[in-house]
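Before any comments, here is the structure.
Numbers here are sequence positions counted from 1. Keep in mind the model is a prediction, meaning the values are calculated, not measured.
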Amino acid sequence: MPQLDIVHILMTYLWTWLSITLITLKIKTFTMTIKPKNNHSHRPDPTTPTLPWT
């Protein structure tokens, strides 16, 4: 049977790993649901009017 300090270190490591993993997953899902602030796909309106014969 392992000693108590080994068990404590292992439990602390697992708890920390689980916390970090869940936090990063939560951050990833949160950033995927947020819309981007700058909409780069929108083209600006042309400044010159299109000619009727083109």
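Every residue meeting the side-chain contact (heavy atoms from CB on, under 4.5 Å) condition with Ile23, not counting sequence neighbours, appears here in chain and number order: Ile27.
In the hydrophobic clustering of this structure, Leu22 groups with Trp17; members are Ile, Leu, Val, Met, Phe, Trp, Tyr whose side-chain heavy atoms approach within less than 4.5 Å, directly or through other members.
Taking a 6.0 Å sphere around CG of Leu4, one finds it holds 12 or fewer heavy atoms contributed by other residues, nucleotides or ligands.
Within the model, atoms OG1 of Thr21 and CG of Leu14 stand 10.5 Å from one another, a figure rounded to the nearest 0.5 Å.
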